[in-house]
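See structure below.
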Amino acid sequence: MSEERASLNFLEHIIEEDLQTGYEKAQLRFRFPPEPNGYLHIGHASSICLNFGLGLKYGAPVNLRFDDTNPAKEEQEFVDAIKRDVEWLGFSWDTERYASDYFDQLYDWAVLLIKGGKAYIDSQSSEEMADQKGTPTEAGTESPFRNRSVDENLKLFEEMKAGKFEEGTHVLRAKIDMTSSNMLMRDPIMYRILHKAHHRTNTDWCIYPMYDWTHGESDYIEQVSHSFCTLEFAMHRELYNWFLDQVYEENRMRPKQREFARRNLSHTVVSKRKLAKLVESGVVSSWDDPRMPTISGLRRRGYTPESIRNFADTIGIAKRENLIDVSLLEFHVRDHLNKIAPRVMGVLNPLKVVLTNYPEGEEEWLEAENNPGDENAGSRKVPFSRELYIEKEDFKEEANRKFFRLKLGGEVRLKNGYIIRAESCTKDTNGNIIEVQCTYDPKSKSGSGSEESLRKVKGTLHWVSIAHALKAEVRLYDRLFTDESPDTHKDKDFMDFVNPESLEVITGYLEPSLKDAQIEDRVQFQRLGYFCVDPDSTAEKIVFNKTVGLRDTWAKITQKD
RNA sequence: UGGCCUAUGGUGUAAUUGGCAACACAGCUGGUUUUGGUCCAGUCGUUCUAGGUUCGAGUCCUAGUAGGCCAACCA
């Protein structure tokens with residue numbers, strides 16, 4: 001009813017304009033075209049959300065197309081990982097395609113170009129060709145093979161295909177313009193010889209088409225209406241169109257390439273080469289290490305697909321350089337987890353508390369809300385007894401009134417339990433506090449409705465009963481890089497900015513309800529943050545990853561002082 | 001001594017296409033709260049520069065400045 005006109009990004013404006021000038025809505029079709037040479041990362045996630053989001057918005061099909069034209073780098077393993085990641089993000093593709101599906105068609109079209117005098121076989125080395133290419137400010141020079149006869153070109157191309165030549169001896173080039181101000185138009189290579197097995201076509205081919213020759217033609221074959229790619233391909237558009245011109249037939253959909261700025265996330269890197277280096281050098285354990293910006297890493301870290309989609313939606317899409325602060329991504333995962341993650345109690349840095357007036361050997365099970373923001377989340381029981389753990393940070397012998405926690409002579413409420421008062425504490429020989437002796441008010445039990453239970457005390461602490469606590473490995477993560485843009489420094493390598501303290505492994509003491517937690521379960525450790533169960537967990541030892549901390553205004557206050 | 005692209009708060013994106021510069025995050029203030037969480041209210045602050053067109057310019061024009069991209073048998 002009160003429908004607000006949603007603001008459109010510039011790509012949606014282009015689509016809307018096309019819709020008004022002749023395109024039918026039913027003709028709209030998009031694609032997400034990864035090369036299966038590595039794992040998808042947060043940058044791909046933005047592109048996936050863009051293309052599939054457009055598909056959802058316009059009711060248009062979106063193909064998942066693997067750009068698999070380089071058998072030297074591509075593997076089935078990556079195809080499988082990519083499909084799993086796209087599905088995990090919550091999208092479904094119309095059809096699964098491969099550029100390699102089109103090798104025959106591409107070959108036939110290439111023959112057509114040769115026959116039309118638009119392509120030729122060059123038999124120089126790549127160095128010689130590079131020399132003739134010119135520079136951005138100087139025109140190139142023509143290859144001595146540029147004017148080979150059509151028949152000779154045809155014969156050589158056939159022999160290339162038949163495997164008669166070594167790698168590097170011949171290539172097929174488009175005959176365009178060696179003086180173009182666009183370097184890509186200076187007779188670009190269409191095919192090269194590669195005696196390598198392809199993960200799908202095996203050894204059927206020993207010539208493989210290059211990206212530029214493949215991409216637009218694949219869009220055309222699939223009748224993609226809008227082909228969106230990142231800005232570094234802007235210069236390729238002219239070539240994309242030139243190749244399309246060679247095969248385009250009237251009345252068919254002519255795909256349109258448009259470019260958007262890749263979205264950069266602060267405090268990380270996303271190039272496959274750099275991510276691979278992090279894995280190889282042992283900085284992280286694997287491609288799905290929870291510190292990695294890969295989709296599989298984010299998943300293992302505890303991110304939800306919703307949070308990633310919301311992130312992609314709010315950062316939008318444009319053409320200017322950007323650096324998006326990772327805190328925005330963290331905001332979205334908190335925002336979603338706050339709604340869905342059950343609250344539990346766990347102590348990560350334990351300090352023993354003894355309730356001196358609580359009977360020894362006694363225990364009781366207290367009612368605890370699973371999520372105060374969600375009535376339907378229900379409740380659970382947590383055990384309470386004479387000896388408890390609280391966080392070390394939650395006790396001080398003396399503190400000013402800004403410290404809403406436990407201090408000698410002060411009171412505090414134990415979440416879901418009783419109000420306690422710190423009476424004394426004991427220290428080890430080094431002066432470290434190792435135990436706090438407290439008394440509790442038996443009438444102050446949470447939810448009992450008694451006058452005492454309604455008393456307001458400043459400060460509520462989480463806790464866990466020592467006798468009942470579940471020991472768990474807890475992995476705490478910090479940013480992988482200390483610099484917000486580690487790979488943009490001219491004089492420094494991105495590896496120089498690796499944060500040596502990005503991982504801390506500790507033992508946590510958790511409430512026993514967590515005993516049956518399953519891998520990928522997500523919970524909030526109250527007052528600490530969101531955590532999820534890592535796949536490394538076993539029946540004997542449960543492992544939690546910290547996804548993200550809660551917003552911490554106390555930390556800001558202490559920092560200021 | 002080239003070509004292409006870009007320029008809006010600390011960050012990211014909008015602006016009904018020439019008509020009151022908005023939204024989210026971050027920051028700051030306060031309120032609620034048995035999580036120093038959540039939630040609520042308020043606040044902060046911007047159209048790269050110089051000209052021009054116009055009743056009116058973030059938007060159009062001219063010049064400049066700054067940044068990014070382009071010379072792989074990679075994608």
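In the text below, chain A, chain B and the rest are named by the order of the sequence lines, each starting its count at 1. Everything numeric here is computed off the predicted structure, so don't read it as measured data.
- When distances run from any side-chain atom of A:Ala318 to the nucleotides B:C74, B:U13, B:G2, the shortest one goes to B:U13.
- Sequence order on RNA chain B of the closest nucleotides to A:Pro34 and A:Phe331 puts A:Phe331 first from the 5' end.
- If you check every strand for non-hydrogen atoms under 4.0 Å, A:Arg334 touches nothing.
- Within the nucleic acid shown, A:Lys415 comes within 4.0 Å of at least one base atom, counting heavy atoms only.
- Of the charged side-chain nitrogens involved, none lies within less than 4.0 Å of a carboxylate oxygen, so that A:Glu35 and A:Lys73 do not count as a salt-bridged pair.
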**Intermediate values then yes/no, ring pair (Phe, Tyr, Trp, His ring centres under 6.0 Å), A:Phe384 and A:Trp463** = CA-CA 9 Å; A:Phe384 188 81; A:Trp463 51 272; 5.2 Å; yes
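- Across B:U35, B:C25, B:A71, the shortest atom-to-atom separation from the side chain of A:Thr460 is found for B:U35.
- For the C1' atom pair drawn from B:G56 and B:U17, the interatomic distance equals 15 Å after rounding to whole Å.
- Using modelled atom types, one side-chain atom of A:Lys175 and one backbone atom of A:Arg146 make a donor-acceptor pair closer than 3.5 Å.
- The side chain of A:Glu35 lies closest to B:C74 when the candidates are B:C74, B:U35, B:U34.
- Contact annotation for A:Gly373: no contact, since no heavy-atom pair falls under 4.0 Å across all strands.
- At the phosphate of B:C70, neither OP1 nor OP2 sits under 4.0 Å from any side-chain N or O atom of A:Lys133.
- Picking from B:G27, B:A75, B:U35 the nucleotide with the shortest atom distance to the side chain of A:Arg343 gives B:U35.
- A 3.5 Å limit on both hydrogen-bonding distances identifies B:C61 as the Watson-Crick or G-U partner of B:G51.
- As a whole-Å value, the separation of A:Arg263 CZ from B:C25 P is 19 Å.
- Using modelled atom types and a 3.5 Å distance limit, the side chains of A:Asn370 and A:Arg380 yield a donor-acceptor pair.
- Pair check for B:G30 finds B:C40; Watson-Crick or G-U wobble, both atom distances under 3.5 Å.
- Residue contacts for A:Lys456: at a heavy-atom cut-off of 4.0 Å it reaches the sugar-phosphate backbone alone, with no base atom in range.
- A donor-acceptor contact under 3.5 Å is not formed by the side chain of A:Arg551 with the base of B:G36.
- Positionally, the nearest nucleotide of RNA chain B for A:Gly459 lies more toward the 5' end than for the other of A:Gly459 and A:Thr169.
- Within the nucleic acid shown, A:Ile315 comes within 4.0 Å of sugar-phosphate atoms alone, with no base atom in reach, counting heavy atoms only.
- As judged by a 4.0 angstrom heavy-atom cut-off over every strand, A:Gly140 is placed among residues making no nucleic acid contact.
- Separating the CG atom of A:Asp394 from the C1' atom of B:G37 is a distance of 14 Å, rounded to the nearest angstrom.
- In terms of phosphate contacts, A:Arg192 brings a side-chain nitrogen or oxygen within less than 4.0 Å of OP1 or OP2 of B:A75.
- Of the candidates B:U17, B:G37, B:U34, B:U17 carries the atom nearest the A:His13 side chain, counting heavy atoms from C-beta on.
- One P atom belongs to B:A22, the other to B:G45, and the distance between them is 13 Å to the nearest Å.
- Rounded to a whole angstrom, the distance from the P atom of B:G52 to that of B:G67 is 28 Å.
- Closest to the A:Thr137 side chain, of the nucleotides B:U35, B:A75, B:G2, is B:G2.
- If you check B:A24 for Watson-Crick or wobble pairing at under 3.5 angstrom, you find it paired to B:U11.
- Using a 4.0 Å heavy-atom cutoff across all strands shown, A:Leu528 reaches no nucleic acid atom at all.
- As rounded to the nearest Å, B:G42 and B:C23 have P atoms that lie 11 Å from one another.
- Once the 5.5 Å centre distance and the 30° plane angle are applied, the aromatic ring of A:Trp554 is found stacked with the base of B:G36.
- Summarising the geometry, the separation between CG on A:Leu231 and C1' on B:G67 is reported as 12 Å, rounded to the nearest angstrom.
- Comparing the P positions of B:A7 and B:C44 gives an interatomic distance of 28 Å, to the nearest angstrom.
- Comparing atom distances between the A:Pro372 side chain and each of B:G37, B:U13, B:G2 picks out B:G37 as nearest.
- Between the CD atom of A:Glu138 and the C1' atom of B:U1 there is a distance of 9 Å, rounded to whole Å.
- Using modelled atom types, one finds no donor on one side chain facing an acceptor on the other under 3.5 Å when comparing A:Asn182 with A:Ser180.
- Residue-level contact check: A:Asn37 touches neither bases nor backbone, having no heavy atom under 4.0 Å from any strand.
- Base orientation of B:U6: anti, the glycosidic angle falling outside 90° of 0.
- If you check every strand for non-hydrogen atoms under 4.0 Å, A:Met129 touches nothing.
- With hydrogens and angles ignored, no donor-acceptor pair under 3.5 angstrom links the side chain of A:Arg527 to the base of B:U35.
- Note: CZ (A:Arg258) to P (B:C5) measures 11 Å, nearest angstrom.
- Base engagement by A:Gln124 is indicated by at least one non-hydrogen atom pair under 4.0 Å involving a base atom.
- In this entry the distance linking CD of A:Glu232 with P of B:G68 reads 15 Å, nearest Å.
- Here A:His236 lies in heavy-atom contact (under 4.0 Å) with a base.
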**Request:** Please lay out, stage by stage, how A:Ser125 and A:Glu128 fare under the test side-chain hydrogen bond (donor to acceptor under 3.5 Å, both in side chains).
**Result:** CA-CA 5 Å; A:Ser125 69; A:Glu128 285 169 315; 3.3 Å; yes
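- Residue contacts shown for A:Thr553 are limited to sugar-phosphate atoms, with no base heavy atom under 4.0 Å away.
- Here the side chains of A:Leu328 and A:Ile315 are in contact, with some heavy-atom distance below 4.5 Å.
- For A:Phe404, counting side-chain heavy atoms from C-beta on, the closest listed nucleotide (B:U1, B:G36, B:A75) is B:G36.
- Pair assignment for B:G2: B:C70, on the basis of Watson-Crick or G-U wobble contacts that are both within less than 3.5 Å.
- Scanning atom types as modelled, one donor and one acceptor separated by under 3.5 angstrom connect the side chain of A:Ser446 and the base of B:U34.
- For B:U11, neither phosphate oxygen OP1 nor OP2 lies less than 4.0 angstrom from any side-chain nitrogen or oxygen of A:Ser327.
- B:G19 and B:A15 are spaced 12 Å apart, taking the P atom of each and rounding to whole Å.
- Among the atoms of the strands shown, none is found under 4.0 Å from any heavy atom of A:Tyr208.
- For the residue pair A:His462/A:Glu391, the side-chain donor-acceptor check at 3.5 Å is satisfied.
- Aromatic pair A:Phe233/A:Tyr240: ring centres not closer than 6.0 Å.
- Within 3.5 Å, a donor on the side chain of A:Gln524 pairs with an acceptor on the base of B:U35, or the reverse.
- Separating the C1' atom of B:U33 from that of B:C20 is a span of 39 Å, rounded to the nearest Å.
- You'll find that the side chain of A:Asn70 is closest to B:A75, out of B:A75, B:G2, B:A14.
- A salt bridge links A:Arg479 with A:Glu330: at least one charged nitrogen is closer than 4.0 Å to a carboxylate oxygen.
- B:G58 and B:G9 have their P atoms separated by 14 Å, given to the nearest Å.
- At the heavy-atom level, A:Ser180 lies nowhere under 4.0 Å from the strands shown.
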